[in-house]
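Note: hydrogens, waters and symmetry copies are ignored here, and every other heavy atom, side chains too, is used.
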Amino acid sequence: MNIISENRAFGGRQIVASHPSRVCDCNMTFGLYLPPQAADGPVPLIWFLAGLTCTHENAMTKAAAQGWCADYGVAMVFPDTSPRGEGVADDEAYDLGQGAGFYVDATEEPWAPNFRMQSYILDELPRVLFNNFPLEEELQSITGHSMGGHGALTLAMKAPGRFSSVSAFSPICNPSDSDWGRKQFTAYLGENADWEDHDASCLMRVDGIDVPVLIDTGTDDQFGDLLKTEALAKAMAEKRVAHTLRMQKGYDHSYFFVSTFMEDHVAFHAEALWG
């Protein structure tokens with residue numbers, strides 16, 4: 001692992017690091033904020049999964065998370081959204097290829113050799129983090145924005161018992177029935193794959209989830225038709241999942257929206273993590 005940068009922030013440490021990934025067959029970069037409490041021992045960890053076109057840097061610099069993490073004594077990791085580099089497949093469209101990993105393990109060419117973001121987030125990056133930083137492995141929660149909200153919801157349901165709580169900002173809720181999903185699933189998984197196994201609304205209808213859920217979406221979200229929020233709301237109600245879904249009046253899809261409600265999400269996860 002290589003530490004690229006380290007900055008003091010709210011009494012803690014904002015780190016950017018890279019490491020060779022066997023899962024993605026390339027170097028991967030992540031950001032990690034360690035609150036001041038980490039100087040005294042392991043702290044809980046919140047995962048923040050970013051959206052389309054983003055890197056580790058977007059939420060790290062725009063989501064206004066570090067101050068709240070310091071207040072609540074929790075760390076936050078900001079993974080990249082896809083593999084990158086020479087030899088890694090890409091596409092001219094913004095919503096496919098590098099920057100658009102969709103948190104699935106691709107099975108189709110040319111994506112399969114590198115685009116294994118589900119395994120990277122659930123298996124490889126946790127080993128890197130818990131082997132190198134003062135983090136409490138038994139205390140994890142997960143959140144994300146847009147495509148990252150899709151990832152947070154689906155990965156939490158795919159790894160029952162891993163996360164104490166899950167939240168999302170304007171998540172893609174029903175990708176198998178949305179243009180933000182069908183295109184990517186066709187490319188990464190193939191037309192005949194079980195897309196519902198990577199769809200938060202479908203997964204929720206089957207098994208639900210046994211940890212608290214918080215969803216915030218703006219009423220003026222310019223991508224509202226692509227998010228399919230109503231499908232997830234219906235699935236959570238049908239399975240009687242403990243959840244809060246808030247339609248925030250006048251807010252859009254941007255990081256101005258995310259930063260406005262970041263304190264609520266950090267507090268929500270801290271309550272679940274600290275008990």
Side-chain angles (χ1 to χ4, degrees), residues 1-2 16-31 47-60 77-129 142-159 162 168 171-200 202-203 223 226-227:
M1 190 183 66
N2 176 45
V16 176
S18 67
H19 69 102
S21 167
R22 286 189 290 272
V23 168
C24 297
D25 196 23
C26 65
N27 284 330
M28 295 292 288
T29 301
F30 63 89
W47 293 76
F48 189 104
L49 306 185
L52 285 166
T53 75
C54 292
T55 70
H56 69 281
E57 188 174 15
N58 294 74
M60 187 181 77
V77 63
F78 307 93
D80 204 345
T81 56
S82 78
R84 298 180 193 272
E86 291 186 15
V88 175
D90 201 7
D91 192 272
E92 293 182 357
Y94 78 96
D95 57 353
L96 190 67
Q98 296 186 35
F102 255 77
Y103 304 101
V104 300
D105 285 352
T107 58
E108 302 297 298
E109 297 296 334
W111 314 105
N114 304 103
F115 281 71
R116 297 179 51 79
M117 291 303 295
Q118 176 178 312
S119 292
Y120 178 69
I121 297 297
L122 289 182
D123 300 325
E124 187 176 41
L125 185 54
R127 291 197 298 273
V128 173
L129 295 172
I142 191 166
T143 186
H145 173 228
S146 193
M147 178 186 73
H150 143 77
L153 289 162
T154 57
L155 297 185
M157 285 184 276
K158 286 175 174 291
R162 171 80 60 90
I172 301 172
C173 298
N174 193 193
S176 64
D177 191 34
S178 168
D179 288 342
W180 271 0
R182 287 186 295 241
K183 173 182 178 179
Q184 293 81 6
F185 289 175
T186 299
Y188 296 147
L189 305 173
E191 292 184 358
N192 298 319
D194 182 8
W195 293 357
E196 293 187 356
D197 192 46
H198 304 279
D199 185 308
C202 298
L203 289 169
F223 303 111
L226 296 169
L227 301 181

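- Across Val88 and Cys26, no two heavy atoms sit closer than the pair CG2-CB, 4.3 Å.
- Looking at every heavy atom in both residues, Met1 comes nearest to Val128 through SD-CG1, 4.0 Å.
- No donor-acceptor distance shorter than 3.5 angstrom exists from the side chain of Ser178 to the backbone of Asn174, with no hydrogens or angles considered.
- Asp80 contributes no side-chain N or O that, together with a main-chain N or O of Thr29, makes up a donor-acceptor pair within less than 3.5 Å.
- Here the side chains of Met28 and Leu125 are not in contact, with every heavy-atom distance at 4.5 Å or above.
- Here the CD1 atom belonging to Ile172 is positioned 9.5 Å from the NE2 atom belonging to His145, to the nearest 0.5 angstrom.
- Taking every heavy atom of both residues into account, His56 and Phe78 meet most closely at CB-O, 3.2 Å.
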Evaluation steps, side-chain contact (heavy atoms from CB on, under 4.5 Å), between Gln118 and His198
CA-CA 10 Å; Gln118 176 178 312; His198 304 279; 3.7 Å; yes
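- For the atom pair OH of Tyr120 and CZ of Arg22, the computed distance is 12.0 Å after rounding to the nearest 0.5 Å.
- Judged by distance alone, the side chain of Ser176 and the main-chain N or O of Glu196 form no donor-acceptor pair under 3.5 Å.
- Residues passing the side-chain contact (heavy atoms from CB on, under 4.5 Å) test with Arg182 are Asp177, Asp179, Trp195, sequence neighbours excluded.
- Residue Gly97 comes nearest to Tyr188 through the heavy atom pair N-OH, 2.9 Å, listed as atom of the first residue, atom of the second, then distance.
- A donor atom on one side chain and an acceptor atom on the other are found under 3.5 Å apart for Ser119 and Asp105.
- For Lys158 (side chain) and Asp197 (main-chain N/O), a donor-acceptor pair under 3.5 Å exists by modelled atom type.
- Closest approach of Ala100 to Leu52, counting heavy atoms only: CB-CD2, 3.4 Å.
- A side-chain donor-acceptor contact under 3.5 Å links Ser82 to the backbone of Gly99.
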Any chance you could lay out the side-chain contact (heavy atoms from CB on, under 4.5 Å) test for Leu155 and Ile121, step after step, and finish with the verdict?
CA-CA 9 Å; Leu155 297 185; Ile121 297 297; 3.7 Å; yes
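- Taking CH2 of Trp47 as the reference point, atom CZ of Arg162 lies at 7.5 Å (rounded to 0.5 Å).
- Electrostatic pairing of Arg84 and Asp90 does not count as a salt bridge here, judged by no charged N lying under 4.0 Å from a carboxylate O.
- Heavy atoms of other residues, nucleotides or ligands lying less than 6.0 angstrom from CG of Asn192 number 12 at most.
- Counting all heavy atoms, side chain and backbone alike, Leu153 lies closest to Ala200 at CB-CB, 3.8 Å.
- Considering CG of Asn58 and OG1 of Thr81, their distance stands at 8.0 Å, rounded to 0.5 Å.
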Identify all side-chain donor-acceptor contacts of residues 106-117 below 3.5 Å with residues at least two apart in sequence or on another chain.
| unit_1 | atom_1 | unit_2 | atom_2 | d |
| --- | --- | --- | --- | --- |
| Thr107 | OG1 | Leu189 | O | 3.3 |
| Asn114 | ND2 | Cys24 | O | 2.8 |

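- Glu124 is listed as a side-chain neighbour of Ser21, based on a closest heavy-atom distance under 4.5 Å.
- Between Phe102 and Phe185, the ring planes are perpendicular. Angles over 60° get that label, and only those under 30° would be called parallel.
- Considering only heavy atoms from C-beta on, Ser146 comes within 4.5 Å of Trp180 through its side chain.
- Within the 4.5 Å cutoff, no side-chain heavy atoms of Leu227 are placed close to those of Pro171.
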